[in-house]
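Have a look at the structure below, then the notes.
Here, residue 1 is the first one in the sequence, and each next residue gets the next number. Order of appearance sets the numbers: ligands from 1, and atoms from 1 within every ligand.
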Amino acid sequence: MNICLGIFDSGVGGFSVLQRILERHGDLPCLYLGDTARVPYGEKTPSEIRNIAREIMHWFSDKEVSAVVIGCNTTNSLALDIVEKSLDIPVFGLINAATNMLHEKRIGVLATPLTAASLAYTQFITSKRPGTFVIEQGCPRLVPLIESGQLDNLEIKQAISQYLSPLIEARVEAIILGCTHYPLIVPLLKTLLPLGVRIIDPAIGLALQLDDFLGSPKALSNNQLTYSMTRFCVTAKSESFSRSASAWLGQCPEIHLVSLKGNQVSSRIGTSRGL
Ligand code: DGL
């Protein structure tokens, strides 16, 4: 069977998931959709997120993907049922993956305001691991800063410190990166966390879960990683998406502009260098 994995996020956050998947399954064809026309998702209403999820799944419906990875916690929190019901193919989500990675009893979750308000992490974790204490913190400033490439300046440092403070006060033993944009600020996060607090990236668990579906992993080291089998699509031209693709993937992939309405695929908008 020729497998192609569909993966989507509001923007560049899903790169962190794609990277983990390809580190384990190096030659896997993927179709990546960044909904740059509507990023950030984290401050939309739940019904907007659910409608967007429907549109995205409709778009994937004629793309011959064999499974879908929800590279976005906000969609996972609010529209998992829609994604699961839309196509008759396996769906892999981050919240489930993160829950399987836990062994601590006091857990903090950093997430978009919408994910945190939904309490999806709390509900899922406490249903699978009763007795676990979970505190969720919405972080409205982080995605806009990360999308604009501000990964290590005073503004983002202050924002992270502010968001970490209630979690540290609650003496959490582990922090889940409940937004796929956040792995990109892990170096900074580490400098602001007390020693001994484990950082959990759900994408690592998700990549492991894919083994059953994809068969034996073909692990690659970071410098062997290639994104040549991935097709990158966006819903609006975005210079920051292109810049981030180059910076994070270390390569300049071709990026295709697509329309989710009516399933039209429009023009190729060039390599990220060319935008
Ligand atoms: N990266 C996404 C998430 O994991 C969405 C972030 C956003 O667009 O606000 O929630």
Side-chain angles (χ1 to χ4, degrees), residues 6-21 32-53 55-57 68-80 82-83 91-99 101 108-125 136-151 156 159-160 163 175-186 189 199-207 232-236 238 240-241 244-245 247-249 260:
I7 167 164
F8 69 92
D9 180 45
S10 59
V12 299
F15 289 169
S16 64
V17 185
L18 179 68
Q19 203 164 17
R20 293 300 186 184
I21 293 172
Y32 184 100
L33 177 68
D35 189 8
T36 44
R38 291 177 289 199
V39 66
Y41 280 3
E43 296 185 49
K44 302 208 175 314
T45 64
S47 73
E48 281 174 315
I49 296 297
R50 291 178 68 76
N51 285 336
I52 290 172
E55 276 180 26
I56 289 178
M57 294 314 289
V68 166
V69 167
I70 308 177
C72 169
N73 289 271
T74 311
T75 310
N76 194 156
S77 300
L78 289 141
L80 177 64
I82 291 173
V83 178
V91 169
F92 295 88
L94 295 154
I95 300 180
N96 177 41
T99 304
M101 295 169 79
V109 181
L110 293 174
T112 65
L114 205 50
T115 298
S118 77
L119 294 180
Y121 265 102
T122 304
Q123 282 157 14
F124 201 82
I125 292 170
E136 301 200 37
Q137 174 65 47
C139 312
R141 289 160 70 197
L142 295 188
V143 168
L145 285 168
I146 295 168
E147 280 282 330
S148 64
Q150 299 181 65
L151 304 182
I156 194 156
I160 297 173
Y163 300 138
I175 289 188
I176 296 176
L177 304 176
C179 169
T180 53
H181 283 69
Y182 301 168
L184 305 157
I185 49 165
V186 162
L189 205 53
I199 297 177
I200 297 174
D201 178 358
I204 294 177
L206 190 148
F232 290 91
C233 299
V234 290
T235 52
S238 159
S240 66
F241 185 93
S244 300
W248 294 352
L249 308 177
L260 300 189

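- The side chain to side chain contact (heavy atoms under 4.5 Å, CB included) test with Cys139 singles out one residue from Thr115, Thr112, Leu110, and that residue is Leu110.
- Among protein residues, Asp9, Ser10, Val39, Pro40, Tyr41, Gly42, Cys72, Asn73, Thr74, Thr112, Val143, Cys179, Thr180, His181 come within 4.0 Å of ligand 1, judged on heavy atoms.
- Listed by chain and number, the residues in a side-chain hydrogen bond (donor to acceptor under 3.5 Å, both in side chains) with Ser16 amount to none (sequence neighbours excluded).
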Exercise answer: donor-acceptor pairs, residues 177-184 side-chain atoms, under 3.5 Å, sequence neighbours excluded:
unit_1: Thr180; atom_1: OG1; unit_2: Gly71; atom_2: O; d: 2.8
unit_1: His181; atom_1: NE2; unit_2: Glu147; atom_2: OE2; d: 2.6
unit_1: Tyr182; atom_1: OH; unit_2: Ala111; atom_2: O; d: 3.2

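- Evaluation of the side-chain hydrogen bond (donor to acceptor under 3.5 Å, both in side chains) rule for Tyr121 yields Asn73 as partners, not counting sequence neighbours.
- The minimum heavy-atom distance between Leu94 and Asn76, with the atom names listed, is N-OD1, 2.7 Å.
- The side chain to side chain contact (heavy atoms under 4.5 Å, CB included) test with Glu55 is passed by exactly one of Thr235, Asp35, Leu260: Leu260.
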